There are 2 protein chains.
Amino acid sequence: MKLQADKEVPEPPGTLATGVYERLRRDIFSGGLPPGEKLRTEYLRNRYDVGNTPLREALNRLSADGLVARIDQRGFSVTKLSREEFEGLLKTRCWLEEIALRESIKNRTQEWEENLVIALHRLSRVLPMVDGEANPDWEAQHHRFHLSLLANCGSEWLLSFCTQMLDHTDRYRRFASDASYGDRDLLMEHRSILEATVDGDADKAVELLVGHYRRTGKIVLSADISASSAK
Amino acid sequence: MKLQADKEVPEPPGTLATGVYERLRRDIFSGGLPPGEKLRTEYLRNRYDVGNTPLREALNRLSADGLVARIDQRGFSVTKLSREEFEGLLKTRCWLEEIALRESIKNRTQEWEENLVIALHRLSRVLPMVDGEANPDWEAQHHRFHLSLLANCGSEWLLSFCTQMLDHTDRYRRFASDASYGDRDLLMEHRSILEATVDGDADKAVELLVGHYRRTGKIVLSADISASSAK
DNA sequence: TATGGCCATATTATATAATATTTATACGCT
DNA sequence: AGCGTATAAATATTATATAATATGGCCATA
(Lines give C-alpha, C1' and ligand atoms only; values in the text may rest on other atoms or scores of the structure.)
Protein backbone atom coordinates (compact mmCIF):
# COMPACT_ATOMS: atom_id res chain seq x y z
CA MET A 1 0.00 0.00 0.00
CA LYS A 2 1.34 3.37 -0.98
CA LEU A 3 -0.04 5.67 1.63
CA GLN A 4 3.03 7.30 3.10
CA ALA A 5 3.55 10.92 2.24
CA ASP A 6 5.84 11.49 -0.67
CA LYS A 7 9.01 12.37 1.08
CA GLU A 8 10.08 15.83 0.16
CA VAL A 9 13.56 14.69 -0.73
CA PRO A 10 14.49 17.27 -3.35
CA GLU A 11 16.18 14.43 -5.16
CA PRO A 12 19.08 15.63 -7.28
CA PRO A 13 17.89 16.24 -10.82
CA GLY A 14 19.10 13.85 -13.47
CA THR A 15 20.85 16.54 -15.41
CA LEU A 16 22.01 20.07 -14.89
CA ALA A 17 19.57 21.25 -17.53
CA THR A 18 16.70 19.74 -15.58
CA GLY A 19 18.05 21.29 -12.42
CA VAL A 20 18.22 24.79 -13.86
CA TYR A 21 14.81 24.28 -15.37
CA GLU A 22 13.37 23.55 -11.96
CA ARG A 23 15.16 26.42 -10.27
CA LEU A 24 14.11 28.88 -12.95
CA ARG A 25 10.57 27.63 -12.67
CA ARG A 26 10.53 28.15 -8.93
CA ASP A 27 11.99 31.61 -9.28
CA ILE A 28 9.38 32.58 -11.82
CA PHE A 29 6.58 31.31 -9.64
CA SER A 30 7.95 32.96 -6.53
CA GLY A 31 8.45 36.28 -8.27
CA GLY A 32 12.20 36.25 -7.88
CA LEU A 33 12.11 36.62 -11.64
CA PRO A 34 9.15 38.96 -12.12
CA PRO A 35 6.79 38.93 -15.12
CA GLY A 36 8.26 40.74 -18.08
CA GLU A 37 11.84 40.36 -16.83
CA LYS A 38 14.37 40.08 -19.61
CA LEU A 39 16.36 36.89 -19.25
CA ARG A 40 19.86 37.58 -20.47
CA THR A 41 21.77 34.39 -20.85
CA GLU A 42 24.99 35.73 -19.41
CA TYR A 43 23.24 36.93 -16.28
CA LEU A 44 21.50 33.63 -15.81
CA ARG A 45 24.69 31.69 -16.37
CA ASN A 46 26.21 33.52 -13.44
CA ARG A 47 23.08 33.42 -11.33
CA TYR A 48 22.71 29.67 -11.56
CA ASP A 49 26.34 28.89 -12.19
CA VAL A 50 25.87 26.73 -15.27
CA GLY A 51 27.09 26.78 -18.84
CA ASN A 52 25.35 27.75 -22.01
CA THR A 53 23.98 24.39 -23.03
CA PRO A 54 21.92 23.43 -19.97
CA LEU A 55 20.73 27.00 -19.57
CA ARG A 56 19.36 27.28 -23.09
CA GLU A 57 17.79 23.86 -22.73
CA ALA A 58 16.00 24.98 -19.61
CA LEU A 59 14.81 28.19 -21.23
CA ASN A 60 13.44 26.32 -24.20
CA ARG A 61 11.51 23.97 -21.96
CA LEU A 62 10.10 26.87 -20.01
CA SER A 63 8.99 28.59 -23.15
CA ALA A 64 7.10 25.46 -24.09
CA ASP A 65 5.43 25.66 -20.68
CA GLY A 66 4.40 29.20 -21.49
CA LEU A 67 6.32 30.62 -18.55
CA VAL A 68 8.97 32.18 -20.73
CA ALA A 69 8.55 34.01 -24.02
CA ARG A 70 11.10 33.41 -26.73
CA ILE A 71 11.64 35.58 -29.76
CA ASP A 72 14.23 34.54 -32.30
CA GLN A 73 17.29 36.74 -32.10
CA ARG A 74 15.87 38.63 -29.20
CA GLY A 75 16.20 36.10 -26.50
CA PHE A 76 14.00 35.15 -23.60
CA SER A 77 11.86 36.93 -21.07
CA VAL A 78 9.45 35.94 -18.31
CA THR A 79 5.90 35.96 -19.70
CA LYS A 80 3.78 38.82 -18.55
CA LEU A 81 0.53 38.56 -16.71
CA SER A 82 -2.57 40.30 -17.97
CA ARG A 83 -6.18 40.58 -17.08
CA GLU A 84 -7.34 39.39 -20.51
CA GLU A 85 -5.03 36.40 -20.42
CA PHE A 86 -6.30 35.44 -17.00
CA GLU A 87 -9.91 35.72 -18.06
CA GLY A 88 -9.28 33.42 -21.01
CA LEU A 89 -7.46 31.01 -18.78
CA LEU A 90 -10.25 30.91 -16.23
CA LYS A 91 -12.91 30.36 -18.87
CA THR A 92 -11.01 27.56 -20.58
CA ARG A 93 -10.18 25.96 -17.28
CA CYS A 94 -13.84 25.77 -16.34
CA TRP A 95 -14.70 24.15 -19.65
CA LEU A 96 -12.02 21.52 -19.41
CA GLU A 97 -12.24 20.75 -15.74
CA GLU A 98 -15.97 20.24 -16.06
CA ILE A 99 -15.30 17.47 -18.55
CA ALA A 100 -12.49 16.02 -16.49
CA LEU A 101 -14.48 16.01 -13.28
CA ARG A 102 -17.57 14.49 -14.89
CA GLU A 103 -15.49 11.75 -16.46
CA SER A 104 -13.63 11.13 -13.23
CA ILE A 105 -16.92 10.70 -11.42
CA LYS A 106 -18.26 8.51 -14.19
CA ASN A 107 -15.25 6.18 -13.80
CA ARG A 108 -15.06 6.42 -10.07
CA THR A 109 -13.36 3.72 -8.04
CA GLN A 110 -12.85 3.21 -4.37
CA GLU A 111 -9.15 3.83 -4.71
CA TRP A 112 -9.63 7.17 -6.41
CA GLU A 113 -12.14 8.33 -3.83
CA GLU A 114 -9.82 7.34 -1.03
CA ASN A 115 -6.98 9.27 -2.63
CA LEU A 116 -9.24 12.28 -2.70
CA VAL A 117 -10.01 11.93 0.98
CA ILE A 118 -6.31 11.75 1.72
CA ALA A 119 -5.57 14.76 -0.45
CA LEU A 120 -8.18 16.80 1.35
CA HIS A 121 -6.92 15.63 4.71
CA ARG A 122 -3.41 16.75 3.87
CA LEU A 123 -4.69 20.07 2.61
CA SER A 124 -6.54 20.55 5.87
CA ARG A 125 -3.32 20.15 7.84
CA VAL A 126 -1.59 23.19 6.38
CA LEU A 127 -2.39 26.88 6.43
CA PRO A 128 -2.75 28.97 3.27
CA MET A 129 -0.84 31.84 4.80
CA VAL A 130 1.93 31.95 7.34
CA ASP A 131 3.14 35.34 8.59
CA GLY A 132 1.25 37.04 5.79
CA GLU A 133 3.19 34.99 3.24
CA ALA A 134 1.77 32.34 0.94
CA ASN A 135 2.64 28.97 2.38
CA PRO A 136 4.40 26.75 -0.18
CA ASP A 137 3.17 23.61 1.55
CA TRP A 138 -0.40 24.74 1.20
CA GLU A 139 0.21 25.62 -2.44
CA ALA A 140 1.56 22.14 -3.08
CA GLN A 141 -1.29 20.33 -1.33
CA HIS A 142 -3.88 22.57 -2.94
CA HIS A 143 -2.41 21.84 -6.34
CA ARG A 144 -2.53 18.12 -5.61
CA PHE A 145 -6.06 18.15 -4.35
CA HIS A 146 -7.35 19.77 -7.50
CA LEU A 147 -5.39 17.44 -9.73
CA SER A 148 -6.63 14.46 -7.76
CA LEU A 149 -10.20 15.47 -8.51
CA LEU A 150 -9.47 15.16 -12.22
CA ALA A 151 -7.00 12.31 -12.10
CA ASN A 152 -9.60 9.65 -12.79
CA CYS A 153 -10.85 11.16 -16.05
CA GLY A 154 -9.13 8.52 -18.15
CA SER A 155 -7.35 10.91 -20.49
CA GLU A 156 -3.69 11.72 -20.13
CA TRP A 157 -4.13 14.49 -22.64
CA LEU A 158 -6.89 16.21 -20.78
CA LEU A 159 -5.06 15.79 -17.53
CA SER A 160 -1.95 17.40 -18.92
CA PHE A 161 -3.93 20.33 -20.29
CA CYS A 162 -5.57 20.84 -16.92
CA THR A 163 -2.21 20.63 -15.20
CA GLN A 164 -0.78 23.32 -17.45
CA MET A 165 -3.66 25.61 -16.75
CA LEU A 166 -3.52 24.89 -13.05
CA ASP A 167 0.13 25.89 -13.05
CA HIS A 168 -0.64 29.16 -14.74
CA THR A 169 -3.55 29.87 -12.46
CA ASP A 170 -1.38 29.23 -9.43
CA ARG A 171 1.07 31.77 -10.79
CA TYR A 172 -1.62 34.42 -11.12
CA ARG A 173 -2.92 33.61 -7.68
CA ARG A 174 0.50 33.99 -6.14
CA PHE A 175 1.00 37.40 -7.68
CA ALA A 176 -2.39 38.60 -6.61
CA SER A 177 -2.40 37.07 -3.17
CA ASP A 178 -2.20 40.35 -1.33
CA ALA A 179 -5.93 40.24 -1.80
CA SER A 180 -7.39 38.70 1.28
CA TYR A 181 -8.40 35.10 1.58
CA GLY A 182 -9.61 36.06 4.99
CA ASP A 183 -13.34 35.98 4.62
CA ARG A 184 -13.45 32.68 2.76
CA ASP A 185 -13.70 29.27 4.28
CA LEU A 186 -11.50 27.61 1.70
CA LEU A 187 -11.36 24.31 3.48
CA MET A 188 -15.14 24.13 3.51
CA GLU A 189 -15.29 24.90 -0.19
CA HIS A 190 -12.91 22.07 -0.92
CA ARG A 191 -14.72 19.74 1.41
CA SER A 192 -18.07 20.29 -0.24
CA ILE A 193 -16.59 19.68 -3.68
CA LEU A 194 -15.21 16.44 -2.37
CA GLU A 195 -18.53 15.42 -0.83
CA ALA A 196 -20.52 16.02 -3.98
CA THR A 197 -17.87 14.09 -5.86
CA VAL A 198 -17.87 10.99 -3.71
CA ASP A 199 -21.67 11.16 -3.65
CA GLY A 200 -21.48 10.82 -7.40
CA ASP A 201 -23.43 14.04 -7.84
CA ALA A 202 -21.59 15.32 -10.91
CA ASP A 203 -23.83 18.32 -11.54
CA LYS A 204 -23.38 19.60 -8.03
CA ALA A 205 -19.65 18.86 -7.95
CA VAL A 206 -19.12 20.76 -11.18
CA GLU A 207 -21.18 23.67 -9.97
CA LEU A 208 -19.20 23.86 -6.75
CA LEU A 209 -15.87 23.52 -8.51
CA VAL A 210 -16.64 26.19 -11.07
CA GLY A 211 -18.01 28.47 -8.37
CA HIS A 212 -14.82 27.94 -6.41
CA TYR A 213 -12.75 28.97 -9.42
CA ARG A 214 -14.83 31.99 -10.24
CA ARG A 215 -14.64 33.20 -6.69
CA THR A 216 -10.86 32.90 -6.73
CA GLY A 217 -10.88 34.53 -10.15
CA LYS A 218 -12.69 37.56 -8.83
CA ILE A 219 -10.08 38.01 -6.14
CA VAL A 220 -7.25 37.68 -8.63
CA LEU A 221 -8.89 40.15 -10.98
CA SER A 222 -9.54 42.62 -8.21
CA ALA A 223 -5.80 42.77 -7.56
CA ASP A 224 -3.78 44.95 -9.85
CA ILE A 225 -2.08 42.37 -11.96
CA SER A 226 -0.29 44.82 -14.21
CA ALA A 227 1.49 46.18 -11.17
CA SER A 228 3.34 42.89 -10.98
CA SER A 229 4.18 43.01 -14.66
CA ALA A 230 7.28 45.10 -14.35
CA LYS A 231 8.46 46.36 -17.70
CA MET B 1 -8.79 42.73 -47.64
CA LYS B 2 -6.55 39.80 -46.97
CA LEU B 3 -7.78 37.19 -49.36
CA GLN B 4 -4.72 36.24 -51.32
CA ALA B 5 -3.26 32.86 -50.60
CA ASP B 6 -0.45 32.82 -48.09
CA LYS B 7 2.54 32.56 -50.32
CA GLU B 8 4.43 29.40 -49.61
CA VAL B 9 7.70 31.25 -49.22
CA PRO B 10 9.62 28.92 -46.89
CA GLU B 11 11.06 32.06 -45.32
CA PRO B 12 14.45 31.45 -43.78
CA PRO B 13 14.04 30.67 -40.09
CA GLY B 14 15.19 33.31 -37.63
CA THR B 15 17.72 31.05 -36.01
CA LEU B 16 19.46 27.80 -36.78
CA ALA B 17 17.74 26.22 -33.80
CA THR B 18 14.35 27.09 -35.24
CA GLY B 19 15.46 25.80 -38.60
CA VAL B 20 16.56 22.43 -37.27
CA TYR B 21 13.39 22.25 -35.21
CA GLU B 22 11.31 22.63 -38.33
CA ARG B 23 13.35 20.15 -40.33
CA LEU B 24 13.25 17.58 -37.57
CA ARG B 25 9.53 18.09 -37.25
CA ARG B 26 8.99 17.50 -40.94
CA ASP B 27 11.15 14.41 -40.88
CA ILE B 28 9.24 12.98 -37.96
CA PHE B 29 5.91 13.61 -39.65
CA SER B 30 7.08 12.23 -42.97
CA GLY B 31 8.50 9.11 -41.37
CA GLY B 32 12.06 9.90 -42.36
CA LEU B 33 12.65 9.56 -38.65
CA PRO B 34 10.31 6.70 -37.73
CA PRO B 35 8.51 6.31 -34.39
CA GLY B 36 10.78 4.89 -31.74
CA GLU B 37 13.96 5.95 -33.55
CA LYS B 38 16.78 6.73 -31.20
CA LEU B 39 18.03 10.26 -31.84
CA ARG B 40 21.74 10.30 -31.21
CA THR B 41 22.99 13.83 -31.08
CA GLU B 42 26.16 13.13 -33.02
CA TYR B 43 24.22 11.53 -35.85
CA LEU B 44 21.79 14.43 -36.00
CA ARG B 45 24.58 16.97 -35.91
CA ASN B 46 25.95 15.43 -39.08
CA ARG B 47 22.57 14.86 -40.66
CA TYR B 48 21.51 18.47 -40.33
CA ASP B 49 24.97 19.98 -40.26
CA VAL B 50 24.56 22.03 -37.10
CA GLY B 51 26.32 22.30 -33.77
CA ASN B 52 25.33 21.05 -30.37
CA THR B 53 23.51 24.09 -29.11
CA PRO B 54 20.84 24.57 -31.78
CA LEU B 55 20.33 20.83 -32.05
CA ARG B 56 19.62 20.35 -28.36
CA GLU B 57 17.37 23.38 -28.40
CA ALA B 58 15.36 21.90 -31.23
CA LEU B 59 15.09 18.54 -29.50
CA ASN B 60 13.88 20.14 -26.31
CA ARG B 61 11.19 22.02 -28.17
CA LEU B 62 10.09 18.86 -29.92
CA SER B 63 9.88 17.01 -26.66
CA ALA B 64 7.56 19.71 -25.38
CA ASP B 65 5.44 19.11 -28.48
CA GLY B 66 5.29 15.45 -27.58
CA LEU B 67 6.96 14.40 -30.80
CA VAL B 68 10.18 13.45 -29.11
CA ALA B 69 10.67 11.63 -25.82
CA ARG B 70 13.43 12.76 -23.54
CA ILE B 71 14.86 10.80 -20.66
CA ASP B 72 17.57 12.37 -18.56
CA GLN B 73 20.93 10.79 -19.28
CA ARG B 74 19.43 8.61 -21.95
CA GLY B 75 18.85 11.13 -24.64
CA PHE B 76 16.10 11.58 -27.14
CA SER B 77 13.95 9.37 -29.34
CA VAL B 78 11.00 9.82 -31.62
CA THR B 79 7.82 9.12 -29.68
CA LYS B 80 6.15 5.85 -30.50
CA LEU B 81 2.67 5.39 -31.79
CA SER B 82 0.26 3.08 -30.06
CA ARG B 83 -3.31 2.04 -30.34
CA GLU B 84 -4.10 3.05 -26.76
CA GLU B 85 -2.50 6.44 -27.18
CA PHE B 86 -4.49 7.06 -30.32
CA GLU B 87 -7.73 6.07 -28.69
CA GLY B 88 -7.11 8.49 -25.85
CA LEU B 89 -6.20 11.19 -28.31
CA LEU B 90 -9.35 10.68 -30.35
CA LYS B 91 -11.57 10.71 -27.30
CA THR B 92 -10.04 13.87 -25.89
CA ARG B 93 -10.10 15.55 -29.24
CA CYS B 94 -13.82 14.96 -29.58
CA TRP B 95 -14.44 16.44 -26.14
CA LEU B 96 -12.42 19.57 -26.76
CA GLU B 97 -13.41 20.20 -30.34
CA GLU B 98 -17.04 19.95 -29.40
CA ILE B 99 -16.56 22.83 -27.01
CA ALA B 100 -14.48 24.79 -29.48
CA LEU B 101 -16.93 24.34 -32.32
CA ARG B 102 -19.96 25.22 -30.19
CA GLU B 103 -18.26 28.36 -28.94
CA SER B 104 -17.12 29.28 -32.42
CA ILE B 105 -20.67 29.00 -33.68
CA LYS B 106 -21.96 30.91 -30.68
CA ASN B 107 -19.60 33.79 -31.51
CA ARG B 108 -19.97 33.57 -35.23
CA THR B 109 -19.22 36.50 -37.45
CA GLN B 110 -19.43 37.04 -41.16
CA GLU B 111 -15.67 37.20 -41.43
CA TRP B 112 -15.17 33.86 -39.73
CA GLU B 113 -17.79 32.16 -41.90
CA GLU B 114 -16.19 33.56 -45.02
CA ASN B 115 -12.81 32.30 -43.94
CA LEU B 116 -14.36 28.88 -43.55
CA VAL B 117 -15.77 28.99 -47.04
CA ILE B 118 -12.35 29.93 -48.38
CA ALA B 119 -10.67 27.16 -46.40
CA LEU B 120 -13.08 24.60 -47.80
CA HIS B 121 -12.64 25.94 -51.30
CA ARG B 122 -8.88 25.58 -51.06
CA LEU B 123 -9.24 22.10 -49.66
CA SER B 124 -11.46 21.20 -52.59
CA ARG B 125 -8.75 22.20 -55.05
CA VAL B 126 -6.22 19.61 -53.94
CA LEU B 127 -6.26 15.83 -53.92
CA PRO B 128 -5.66 13.77 -50.78
CA MET B 129 -3.49 11.32 -52.64
CA VAL B 130 -1.20 11.73 -55.62
CA ASP B 131 0.44 8.64 -57.10
CA GLY B 132 -0.56 6.64 -54.05
CA GLU B 133 1.30 9.09 -51.83
CA ALA B 134 -0.23 11.44 -49.28
CA ASN B 135 -0.32 14.91 -50.79
CA PRO B 136 1.35 17.46 -48.50
CA ASP B 137 -0.76 20.25 -49.97
CA TRP B 138 -3.93 18.43 -49.04
CA GLU B 139 -2.55 17.76 -45.58
CA ALA B 140 -1.87 21.46 -45.11
CA GLN B 141 -5.27 22.60 -46.33
CA HIS B 142 -7.05 19.91 -44.36
CA HIS B 143 -5.23 20.99 -41.24
CA ARG B 144 -6.21 24.59 -41.87
CA PHE B 145 -9.82 23.80 -42.54
CA HIS B 146 -10.22 22.01 -39.26
CA LEU B 147 -8.46 24.74 -37.33
CA SER B 148 -10.58 27.37 -39.02
CA LEU B 149 -13.67 25.66 -37.72
CA LEU B 150 -12.45 26.17 -34.18
CA ALA B 151 -10.66 29.47 -34.65
CA ASN B 152 -13.60 31.54 -33.49
CA CYS B 153 -13.96 29.87 -30.10
CA GLY B 154 -12.48 32.83 -28.28
CA SER B 155 -9.91 30.90 -26.28
CA GLU B 156 -6.25 30.85 -27.25
CA TRP B 157 -5.71 28.09 -24.75
CA LEU B 158 -8.34 25.81 -26.17
CA LEU B 159 -7.17 26.55 -29.67
CA SER B 160 -3.62 25.64 -28.83
CA PHE B 161 -4.71 22.38 -27.21
CA CYS B 162 -6.74 21.49 -30.28
CA THR B 163 -3.82 22.36 -32.52
CA GLN B 164 -1.53 20.07 -30.57
CA MET B 165 -3.97 17.21 -30.83
CA LEU B 166 -4.57 17.89 -34.50
CA ASP B 167 -0.84 17.64 -35.12
CA HIS B 168 -0.66 14.33 -33.37
CA THR B 169 -3.69 13.00 -35.16
CA ASP B 170 -2.22 14.01 -38.49
CA ARG B 171 0.86 12.06 -37.60
CA TYR B 172 -1.14 8.91 -36.86
CA ARG B 173 -3.12 9.37 -40.03
CA ARG B 174 0.01 9.69 -42.13
CA PHE B 175 1.44 6.49 -40.74
CA ALA B 176 -1.76 4.58 -41.27
CA SER B 177 -2.62 6.01 -44.63
CA ASP B 178 -2.02 2.81 -46.52
CA ALA B 179 -5.57 2.19 -45.45
CA SER B 180 -7.82 3.35 -48.22
CA TYR B 181 -9.58 6.66 -48.27
CA GLY B 182 -11.09 5.40 -51.48
CA ASP B 183 -14.65 4.71 -50.49
CA ARG B 184 -15.13 7.95 -48.60
CA ASP B 185 -16.33 11.21 -50.00
CA LEU B 186 -14.14 13.32 -47.78
CA LEU B 187 -14.97 16.56 -49.51
CA MET B 188 -18.65 15.99 -48.91
CA GLU B 189 -18.02 15.25 -45.25
CA HIS B 190 -16.19 18.51 -44.88
CA ARG B 191 -18.80 20.38 -46.85
CA SER B 192 -21.65 19.21 -44.67
CA ILE B 193 -19.78 20.16 -41.51
CA LEU B 194 -19.33 23.59 -42.97
CA GLU B 195 -23.00 23.87 -43.93
CA ALA B 196 -24.28 22.93 -40.51
CA THR B 197 -21.82 25.39 -39.05
CA VAL B 198 -22.80 28.41 -41.13
CA ASP B 199 -26.44 27.45 -40.57
CA GLY B 200 -25.70 27.90 -36.88
CA ASP B 201 -26.85 24.34 -36.18
CA ALA B 202 -24.31 23.52 -33.49
CA ASP B 203 -25.76 20.13 -32.56
CA LYS B 204 -25.63 18.92 -36.12
CA ALA B 205 -22.20 20.40 -36.80
CA VAL B 206 -20.76 18.70 -33.73
CA GLU B 207 -22.38 15.42 -34.63
CA LEU B 208 -20.95 15.57 -38.13
CA LEU B 209 -17.52 16.62 -36.93
CA VAL B 210 -17.30 13.90 -34.32
CA GLY B 211 -18.59 11.35 -36.80
CA HIS B 212 -15.93 12.47 -39.25
CA TYR B 213 -13.23 11.94 -36.64
CA ARG B 214 -14.52 8.58 -35.54
CA ARG B 215 -14.66 7.36 -39.11
CA THR B 216 -11.06 8.43 -39.67
CA GLY B 217 -10.20 6.91 -36.33
CA LYS B 218 -11.55 3.53 -37.38
CA ILE B 219 -9.37 3.58 -40.45
CA VAL B 220 -6.30 4.52 -38.47
CA LEU B 221 -6.99 1.82 -35.92
CA SER B 222 -7.55 -0.78 -38.60
CA ALA B 223 -4.03 -0.18 -39.84
CA ASP B 224 -1.26 -1.88 -37.95
CA ILE B 225 0.21 1.04 -36.09
CA SER B 226 2.78 -0.96 -34.19
CA ALA B 227 4.29 -1.99 -37.50
CA SER B 228 5.39 1.62 -37.89
CA SER B 229 6.79 1.72 -34.40
CA ALA B 230 10.19 0.30 -35.13
CA LYS B 231 11.97 -0.67 -31.95
C1' DT C 1 14.99 74.33 -31.05
C1' DA C 2 12.73 70.25 -32.04
C1' DT C 3 12.08 66.16 -35.04
C1' DG C 4 13.20 62.40 -37.56
C1' DG C 5 16.21 59.58 -40.14
C1' DC C 6 20.79 57.34 -40.43
C1' DC C 7 25.09 55.27 -39.35
C1' DA C 8 28.73 53.62 -36.19
C1' DT C 9 29.21 51.18 -32.07
C1' DA C 10 28.07 48.38 -28.12
C1' DT C 11 25.59 44.75 -26.54
C1' DT C 12 23.54 40.47 -26.74
C1' DA C 13 21.92 36.26 -28.89
C1' DT C 14 23.29 32.56 -31.39
C1' DA C 15 26.56 29.15 -32.78
C1' DT C 16 30.94 26.34 -33.25
C1' DA C 17 34.64 23.46 -31.82
C1' DA C 18 37.44 21.13 -28.90
C1' DT C 19 37.21 18.81 -24.89
C1' DA C 20 36.05 17.04 -20.08
C1' DT C 21 33.02 14.45 -17.18
C1' DT C 22 29.57 11.45 -16.08
C1' DT C 23 26.38 7.82 -17.06
C1' DA C 24 24.52 4.04 -19.68
C1' DT C 25 25.27 0.02 -22.44
C1' DA C 26 27.67 -3.89 -24.36
C1' DC C 27 30.82 -7.42 -23.90
C1' DG C 28 33.32 -11.01 -22.12
C1' DC C 29 34.24 -13.52 -18.08
C1' DT C 30 33.49 -16.67 -14.27
C1' DA D 1 22.71 -15.73 -14.69
C1' DG D 2 25.52 -12.27 -12.38
C1' DC D 3 29.75 -9.13 -12.39
C1' DG D 4 33.15 -5.99 -13.75
C1' DT D 5 35.37 -3.67 -17.31
C1' DA D 6 35.49 -1.34 -21.88
C1' DT D 7 33.18 1.46 -24.91
C1' DA D 8 29.89 4.54 -26.42
C1' DA D 9 27.02 8.25 -25.71
C1' DA D 10 24.88 12.06 -23.21
C1' DT D 11 25.81 16.00 -20.83
C1' DA D 12 28.48 20.00 -19.90
C1' DT D 13 32.30 23.60 -19.99
C1' DT D 14 35.02 26.97 -22.05
C1' DA D 15 36.75 29.95 -25.33
C1' DT D 16 35.67 32.03 -29.23
C1' DA D 17 33.30 33.51 -33.57
C1' DT D 18 29.44 35.49 -36.08
C1' DA D 19 25.29 37.99 -36.68
C1' DA D 20 21.35 40.50 -35.20
C1' DT D 21 19.55 44.05 -32.33
C1' DA D 22 19.66 48.11 -29.51
C1' DT D 23 21.79 52.53 -28.46
C1' DG D 24 23.32 57.01 -28.91
C1' DG D 25 25.13 60.59 -31.38
C1' DC D 26 25.17 63.13 -35.65
C1' DC D 27 23.26 65.70 -39.13
C1' DA D 28 19.64 67.50 -42.13
C1' DT D 29 15.35 69.45 -42.23
C1' DA D 30 11.25 71.90 -40.58
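Below, all heavy atoms of this structure are taken into account, side chains as well, without hydrogens, waters or symmetry copies. Every value quoted in this text rests on a predicted model; they were computed, and no experiment measured them. Chain letters run A, B, ... following the sequence lines, proteins first and then strands; every chain starts at 1.
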Selected nucleotide, minimal atom distance to A:Arg74 side chain, candidates D:dA10, C:dT14, D:dT21: D:dT21
Nucleotide [N], atom [atom2] - distance to [atom1] of [X] in whole Å:
X: A:Phe76; N: C:dT14; atom1: CZ; atom2: P; answer: 6 Å
X: B:Leu39; N: D:dA9; atom1: CG; atom2: C1'; answer: 13 Å
X: A:Arg40; N: C:dT11; atom1: CZ; atom2: C1'; answer: 9 Å
X: B:Glu42; N: D:dT7; atom1: CD; atom2: P; answer: 17 Å
X: B:Glu37; N: D:dA9; atom1: CD; atom2: C1'; answer: 16 Å
X: A:Leu44; N: C:dT14; atom1: CG; atom2: C1'; answer: 15 Å
X: A:Tyr21; N: D:dT11; atom1: OH; atom2: P; answer: 16 Å

Modelled atom types, side-chain donor and acceptor of A:Arg171 and A:Thr79, under 3.5 Å: yes
Is the CD atom of A:Glu42 crowded by more than 12 outside heavy atoms at less than 6.0 Å? no
In terms of the angle between their ring planes, are A:His142 and A:Trp138 parallel, tilted or perpendicular, with boundaries placed at 30° and 60°? parallel
So does B:Lys38 get a side-chain nitrogen or oxygen closer than 4.0 Å to the phosphate oxygens (OP1/OP2) of C:dT25? no
What pair of heavy atoms forms the shortest contact from A:Val78 to A:Ile28, and how long is it? CG1-CG2, 3.9 Å
Mark up nucleotides 15-23 of chain C, 5' to 3', with B wherever a protein heavy atom is under 4.0 angstrom from a base atom, S wherever such an atom reaches only the sugar-phosphate, and - elsewhere. BB------S
Tell me whether the NZ or CZ atom of B:Arg93 lies within the 45° cone about the ring axis of B:Tyr213 and under 6.0 Å from its centre. yes
Would you call B:Pro54 and B:Tyr48 a side-chain contact if the rule is heavy atoms closer than 4.5 Å? no
